[in-house]
Amino acid sequence: MNKIFAIVDANNFYASCERVFNPALENKPIIILSSNDGCVIARSNEAKAIGIKMGEPYFKLQSLIKYHNLKVISSNFALYGDISRRMMTIVEDFSPTCEIYSIDECFLDFSNLTDEQIQSQCQCIRDRVKKWLGLPVSIGIGATKTLAKLAVNIAKKRSEGYYHIATELQRLEALKSTNIEDIWGIGASYSNKLKAISVISALDLANCPDDHIKKQTNILAVKTAHELRGISCIDLVEVAEPKQSITVSRSFGNEIRDYQILNQSLSFFTSTAAEKLRKSGQMAKSISVFIRTNPFSKKPNQYGNSANITLNYPTDSTPILLSAVNTALQHIYKPDFSYKKAGILLNDFCLKTTKAFDLFDKPQLREEGSKLMTVIDKINHTYGRQTVFYASSGTAQQWLPKSSMKSASYTSNWDELILAR
DNA sequence: TCTGGGGTCCTAGGACCC
DNA sequence: TCTGGGGTCCTAGGACCC
């Protein structure tokens, strides 16, 4: 039996999440801004039609916003994450295997279904997600993941909301109508390099000899070409591999010169990262800290630096990581600059169950520390994030990113439940 | 004035060893 | 005058995704 992949993809996901709780936004052009209200990360169809590009800086859009009466919203990731989990729970019921690929996309295995069954599954998924969650989704189906991704782009332009590349003719039509830069896995750089050797469409890429593709790009683009030909190279990943790194970083609302405030922001990032690390059941042996001034500033003398600390033994303990971060910051901080962004990166992971400690390890202390972390995580999980926090994170949070147009935490905070009058 | 955050993978080149 | 070659490992940088 040949494989059949489906991808379920929410339409304009963040914009649609906002509309679920604010129906007045239906049919209106809306854009969602990144952290710090920096640039556009999601657009409704109406905003796309106006010509607003993905990643466009917000400050450059002021006149367009006024002219078209665009609704601007700061991103609310707690809300989107929650809606995402609900969407995946619904979709998972429709396939024995399911790979959550991103916040708004999920691959399913449709391998043993007939055409009729595929059609009815697609209608059912779309209806149920719309009815239970208020979210519009599109579905693409094909013999490979890459073809399914091509199909979902076609689906979004059709009223049925799904499309199956089922026949050879449909495959060739889909490839012909897809530009090289719109293929999953081919970004701006590779598409430019491929255009230079007259590979313009997905069909051109599928017809291009592997060694030509490899010469312009790398082995991954060769795999993509195989997938376009209908040869499946990328399998469903049912169980996600454990993470290899965890980053927490932010651009600050205002530039920061003060060491204490910078350190407070980094303490906050470290606590957040450590919590994620414990949740994944892993420990880190290495932590990096980076700080930098505003890279867009015209002023001379910009500065950015990072420092990496290798710990004596792997840990998931917040205080141990905080102490390393403090040391690292002292190495790279220079008082003559104002900093725009900072972050930390945990690396070099091993599973918590692995016992590889050094000679000077004190298992009893480690055990007590671990209990403390468990209690803190439990309190924060039950009573809300930051109910208990480290003093080094401070209370003023003068570094917080801008987020002036954020919607409420409709699904995760009792005080912000939506009111029905 | 104002430009995101969080991941993964591949590759070239340097360090090191024999 | 004239100074090897090949393997492995690591890392930084670049590419991709959403």
Side-chain angles (χ1 to χ4, degrees), chain A residues 7 9-14 31-43 52-63 65 72 74-77 80-81 84 99-107 145-146 149 152-153 180-194 213-224 233-234 237 240-255 265 269 272-273 276-277 280 286 288 290 292-299 302 306 308 310 338 340-349 400-404 406:
Chain A
I7 184 157
D9 186 342
N11 301 349
N12 314 321
F13 182 61
Y14 299 162
I31 54 171
I32 316 294
L33 301 181
S34 65
S35 167
N36 212 26
D37 292 342
C39 43
V40 176
I41 55 167
R43 307 153 294 161
I52 292 176
K53 298 271 177 295
M54 192 71 168
E56 190 82 356
Y58 171 49
F59 73 88
K60 290 185 181 170
L61 294 172
Q62 297 311 316
S63 56
I65 289 168
V72 182
S74 307
S75 47
N76 183 347
F77 284 105
Y80 310 148
S84 170
E99 174 190 343
I100 297 171
Y101 174 67
S102 73
I103 194 162
D104 71 328
E105 289 168 291
C106 176
F107 283 105
K145 278 181 161 180
T146 307
K149 290 280 277 185
V152 81
N153 290 336
I180 187 85
E181 65 270 22
D182 295 331
I183 303 169
W184 183 49
I186 308 291
S189 170
Y190 287 176
S191 58
N192 284 335
K193 284 177 179 162
L194 289 163
I213 302 171
K214 176 83 198 286
K215 203 174 161 204
Q216 297 297 315
T217 61
N218 70 4
I219 192 75
L220 293 178
V222 176
K223 260 190 188 179
T224 298
C233 304
I234 311 170
V237 182
E241 291 289 317
K243 280 200 176 113
Q244 296 173 30
S245 67
I246 293 173
T247 307
V248 179
S249 71
R250 291 289 179 279
S251 291
F252 303 133
N254 296 304
E255 294 187 352
S265 77
F269 304 156
T272 308
K276 286 186 189 174
L277 184 67
S280 77
S286 157
S288 297
F290 70 87
R292 67 160 161 80
T293 55
N294 186 355
F296 296 100
S297 170
K298 301 272 190 302
K299 289 182 213 156
Q302 296 298 314
S306 69
N308 179 267
T310 301
S338 290
K340 181 65 181 168
K341 183 173 177 174
I344 68 111
L345 178 91
L346 300 178
N347 238 323
D348 238 331
F349 291 173
L400 274 184
K402 281 179 268 183
S403 183
S404 56
K406 194 168 139 184

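Reminder, nothing fancy here: chain letters follow the sequence lines and each chain counts from 1.
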- prompt: Nearest-Å distance, CD1 (A:Ile41) to P (B:dG5)?
  reply: 10 Å

message: It should be established whether A:Ser249 places a side-chain nitrogen or oxygen under 4.0 Å from OP1 or OP2 of nucleotide B:dG6.
response: yes

Five-pair end axes of the helix from B:dG5-C:dC18 to B:dC18-C:dG5 and the angle they enclose, rounded to 10°: 10°

- prompt: Do the side-chain N or O atoms of A:Lys243 get closer than 4.0 angstrom to the phosphate oxygens (OP1, OP2) of B:dG6?
  reply: no

message: Against A:Thr293, only a single residue in A:Gln302, A:Glu255, A:Lys299 fulfils side chain to side chain donor-acceptor pair (under 3.5 Å); can you say which?
response: A:Gln302

- prompt: Quick one: side chain to side chain donor-acceptor pair (under 3.5 Å) partners of A:Asp348, sequence neighbours excluded?
  reply: none

field: A:Ile31 CD1 to B:dC2 C1', straight-line distance once rounded to whole Å
entry: 14 Å

query: For atom CG of A:Asp182, is the number of surrounding heavy atoms from other residues, nucleotides or ligands below 6.0 Å larger than 12?
result: yes

message: Taking any heavy-atom pair under 4.0 Å as a contact, classify A:Ser75: base, sugar-phosphate, or nothing.
response: nothing

- prompt: Run the side chain to side chain contact (heavy atoms under 4.5 Å, CB included) check on A:Ile31 and A:Leu61 step by step: do they pass?
  reply: CA-CA 11 Å; A:Ile31 54 171; A:Leu61 294 172; 4.2 Å; yes

query: Can you tell me how far the NZ atom of A:Lys193 sits from the CD1 atom of A:Ile180, to the nearest 0.5 Å?
result: 13.5 Å

message: Going by the rule ring-ring contact (aromatic ring centres under 6.0 Å, His included), which residues pair with A:Tyr80 if we only count those two or more places apart in sequence or in a different chain?
response: A:Tyr14, A:Phe77

message: Side-chain N or O of A:Asn294 versus OP1/OP2 of B:dT3: is the shortest distance under 4.0 Å?
response: yes

- request: Select from A:Pro242 and A:Lys214 the residue whose nearest nucleotide in DNA chain B is closer to the 5' end of that strand.
  value: A:Pro242

statement: Sorted by chain and residue number, the side chain to side chain contact (heavy atoms under 4.5 Å, CB included) partners of A:Lys298 (sequence neighbours excluded) come out as none

- line: By nearest-heavy-atom nucleotide on DNA chain B, the more 5' of A:Lys60 and A:Ile219 is A:Lys60

task: Could you state the atom-to-atom distance from CG of A:Leu61 to C1' of B:dG4 in whole Å?
output: 15 Å

- prompt: Taking 4.0 angstrom as the limit, do A:Arg43 and A:Glu56 come out as a salt bridge?
  reply: no

- request: Provide, to the nearest angstrom, the distance between the OH atom belonging to A:Tyr14 and the P atom belonging to B:dG5.
  value: 13 Å

- prompt: Looking at residues at least two apart in the chain, or sitting in another chain, which of them share a ring-ring contact (aromatic ring centres under 6.0 Å, His included) with A:Phe13?
  reply: none

task: Looking at every strand, decide which applies to A:Lys298 at a 4.0 Å heavy-atom threshold: base, sugar-phosphate, or nothing.
output: nothing

- prompt: Between atom CZ in A:Arg292 and atom P in B:dT3, what is the gap in whole Å?
  reply: 10 Å

- prompt: When rounded to the nearest 0.5 angstrom, what is the spacing between CG in A:Asn153 and CG in A:Asp9?
  reply: 8.0 Å

message: I'd like the C1' distance from B:dC17 over to C:dG4, given in whole Å.
response: 14 Å

message: Once you apply a heavy-atom cut-off of 4.0 Å, does A:Ile246 come out as touching a base, just sugar-phosphate, or nothing?
response: sugar-phosphate

task: Tell me what A:Asp37 touches on the nucleic acid: a base, only sugar-phosphate, or nothing, going by heavy atoms under 4.0 Å.
output: nothing

field: Integer-rounded Å distance: B:dG6 C1' and A:Arg250 CZ
entry: 10 Å

task: Using atom CG of A:Leu346 as one end and atom C1' of B:dG6 as the other, report the distance to the nearest whole Å.
output: 13 Å

query: CZ of A:Phe77 versus P of B:dG7: gap in Å, rounded?
result: 13 Å

- request: Would you tell me if any nitrogen or oxygen in the side chain of A:Ser34 comes within less than 4.0 Å of OP1 or OP2 on B:dG5?
  value: no

message: Counting primed atoms plus P, OP1 and OP2 as sugar-phosphate and everything else as base, spell out the protein contacts along nucleotides 8-18 of chain C at 4.0 Å heavy-atom distance: B, S or - for each nucleotide, 5' to 3'.
response: -------SSSS

